[in-house]
Amino acid sequence: MFLSLLLASALQAEAIGGYAGGCLKGGQPLPLSGPGYEVIRAKRLRYYGHPDLIHYLTQLASQTQQAGLPSLYIADLAMPHGGPFSSGHRSHQTGLDADIWFRMSDRPIGKGEQDSPAEWPLIDEPSYRMLPGRFGPQQLTLLKLAAQAREVERIFINPAIKAEVCRQASYDDWVGKLRPWVGHFSHFHVRLRCPAGSPECVPQAPIPPGNGCGAELASWLKDKPQLPKVSVANRRLPPLPARCG
């Protein structure tokens, strides 16, 4: 029944504009829990997405469960109608982005922690140094399953985590979808391609060919850029498409 509803709603849903300057029509809520996953920080109301994203996340959770992984913690998707958040991400505006934590249910989040759960960083962010015992077979399997889906356009992860994946799986085709970006030390950010039936969705440029484990990654690791501290008042957001008004 849930899948049938998703398929029907997908015919009416639209992702409009760009990932960092757009909105969502006909978005659907991700159920707050399901087989293999749980939504965290639900009071933010950031658990809406294009039906393609909802289907992707539920399928990924089923796949990780079948692979023997603990249940996933899923954080920000989009607001009910997309558009910019009042704080945090500049993207997540078209219902095609989702944050998935590296922390899983084998490190459970208690009820008192739901609204502001403690992150489980894989690296020491200032130094880009991997923390011992934080990235293992479970995390590699999770990234592999997340990236292999055809609808995934790219996945943003910290450059140090990308380097660790390159050390372990550089010859795998899916590794090229992992794009280094600042932050993302305790989660990764999945971005789906523009869906069918969304003619006003603005795609990103295609990712470069190859696995991304060479000079580009080396420059990130050399420079060690950090996430800038920008107040909400000083955020400069692109204008939204007319249909988002």
Side-chain angles (χ1 to χ4, degrees), residues 3 30-41 47 49 52-77 96-109 117-125 128-193 207 210-214 216-217 220-221:
L3 179 58
L30 176 66
L32 298 185
S33 63
Y37 80 91
E38 180 179 345
V39 172
I40 55 175
R41 297 172 174 166
Y47 50 83
D52 282 10
L53 181 64
I54 304 304
H55 179 257
Y56 165 79
L57 292 170
T58 54
Q59 286 295 106
L60 175 62
S62 176
Q63 291 171 348
T64 56
Q65 189 177 49
Q66 291 173 19
L69 297 187
S71 292
L72 305 180
Y73 289 130
I74 298 176
D76 291 345
L77 277 63
L96 300 173
D97 295 288
D99 289 340
I100 300 173
W101 279 28
F102 285 111
R103 179 182 177 182
M104 295 181 244
S105 65
D106 55 341
R107 296 171 181 84
I109 290 175
E119 298 188 57
W120 190 70
L122 271 58
I123 69 165
D124 173 67
E125 192 176 18
Y128 276 40
R129 179 177 57 85
M130 295 292 294
L131 296 173
R134 297 290 177 104
F135 188 92
Q138 287 185 342
Q139 287 72 35
L140 186 65
T141 298
L142 172 56
L143 284 171
K144 178 179 180 178
L145 292 172
Q148 283 182 327
R150 292 181 59 188
E151 62 267 36
V152 171
E153 205 272 336
R154 65 188 72 202
I155 291 178
F156 298 103
I157 62 171
N158 190 275
I161 301 174
K162 166 80 176 191
E164 186 62 31
V165 174
C166 288
R167 280 190 282 272
Q168 298 189 33
S170 61
Y171 295 104
D172 289 359
D173 292 341
W174 57 270
V175 173
K177 288 186 180 181
L178 305 185
R179 311 307 300 160
W181 201 252
V182 292
H184 300 94
F185 56 89
S186 61
H187 74 277
F188 60 95
H189 173 166
V190 175
R191 174 164 291 170
L192 302 191
R193 64 191 180 191
I207 60 176
N211 62 11
C213 293
E216 178 192 14
L217 178 59
W220 281 92
L221 297 173

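Owing to the predicted nature of the structure, the values given are computational and were not obtained by experimental measurement.
In this structure, CG in Leu131 is found 7.5 Å from CG in Leu122, a value given to the nearest 0.5 Å. Note: Asp76 CG to Ile100 CD1 = 12.0 Å, rounded to the nearest 0.5 Å. Distance check, rounded to the nearest 0.5 Å: CD1 of Ile54 to CD of Gln59 gives 12.5 Å. Expressed to the nearest 0.5 Å, how far CD1 of Ile207 lies from CD of Glu153 amounts to 7.0 Å. Between atom CG of residue Leu57 and atom CG of residue Leu30 there is a gap of 6.0 Å, rounded to the nearest 0.5 Å.
Counting only heavy atoms from C-beta outward, the side chains of Leu60 and Val190 never approach each other to under 4.5 Å. You'll find the side chain of Tyr56 reaches within 4.5 Å of the side chain of Val152, heavy atoms only. Residues Leu77 and Val39 fail the side-chain proximity criterion, which asks for heavy atoms closer than 4.5 Å. You'll find the side chain of Arg193 stays beyond 4.5 Å of the side chain of Asp52, heavy atoms only. By the 4.5 Å heavy-atom criterion applied to side chains, Pro31 and Tyr37 are counted as neighbours. Counting heavy atoms from C-beta outward, Arg41 and Pro117 have side chains that approach closer than 4.5 Å.
Remark: Glu216 pairs with Arg179 by the salt bridge (Lys or Arg N to Asp or Glu O under 4.0 Å) rule, at least two apart or across chains. The side-chain hydrogen bond (donor to acceptor under 3.5 Å, both in side chains) check on Arg154 picks up Gln204, with sequence neighbours excluded. For Asp97, the side-chain hydrogen bond (donor to acceptor under 3.5 Å, both in side chains) partners two or more places apart in sequence, or in a different chain, are His189, Arg191. Not counting sequence neighbours, the partners of Phe102 by the ring pair (Phe, Tyr, Trp, His ring centres under 6.0 Å) test are Phe188. Every residue was checked against the ring pair (Phe, Tyr, Trp, His ring centres under 6.0 Å) condition with Trp120, not counting sequence neighbours, and none meets it. Applying the side-chain hydrogen bond (donor to acceptor under 3.5 Å, both in side chains) test to Trp174 and every residue at least two apart in sequence or in another chain returns Asp172.
Residue pairs that meet the side chain to side chain donor-acceptor pair (under 3.5 Å) test with at least one member in residues 65-74, sequence neighbours left out, are Ser62-Gln66.
Listed for the His184 side chain is a donor-acceptor partner under 3.5 Å among the backbone atoms of Val182.
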Side-chain donor/acceptor pairs under 3.5 Å, residues 159-169, sequence neighbours excluded:
{"residue": "Lys162", "atom": "NZ", "partner": "Val175", "partner atom": "O", "Å": "2.8"}
{"residue": "Lys162", "atom": "NZ", "partner": "Leu178", "partner atom": "O", "Å": "2.8"}
{"residue": "Lys162", "atom": "NZ", "partner": "Asn211", "partner atom": "O", "Å": "2.8"}
{"residue": "Glu164", "atom": "OE1", "partner": "Arg167", "partner atom": "NE", "Å": "3.2"}
{"residue": "Glu164", "atom": "OE1", "partner": "Arg167", "partner atom": "NH2", "Å": "2.8"}
{"residue": "Glu164", "atom": "OE2", "partner": "Gln168", "partner atom": "NE2", "Å": "3.0"}

Only pairs under 3.5 Å count here: list side-chain donor-acceptor contacts from residues 133-147, not counting sequence neighbours, and write none if there are none.
{"residue": "Arg134", "atom": "NH1", "partner": "Pro121", "partner atom": "O", "Å": "2.7"}
{"residue": "Gln139", "atom": "OE1", "partner": "Gly136", "partner atom": "N", "Å": "2.8"}
{"residue": "Thr141", "atom": "OG1", "partner": "Pro137", "partner atom": "O", "Å": "2.9"}

For this session: List the steps and the verdict of side chain to side chain contact (heavy atoms under 4.5 Å, CB included) for Leu72 and Met104.
Result: CA-CA 5 Å; Leu72 305 180; Met104 295 181 244; 4.1 Å; yes
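The two residues Ala98 and Leu53 come nearest to each other via the heavy atoms CB-CD1, 4.0 Å. The nearest pair of heavy atoms linking Leu217 to Gly212 is CB-O, 3.4 Å.
Counting non-hydrogen atoms of neighbouring residues, nucleotides and ligands closer than 6.0 angstrom, the CG atom of Asp106 exceeds 12 such neighbours.
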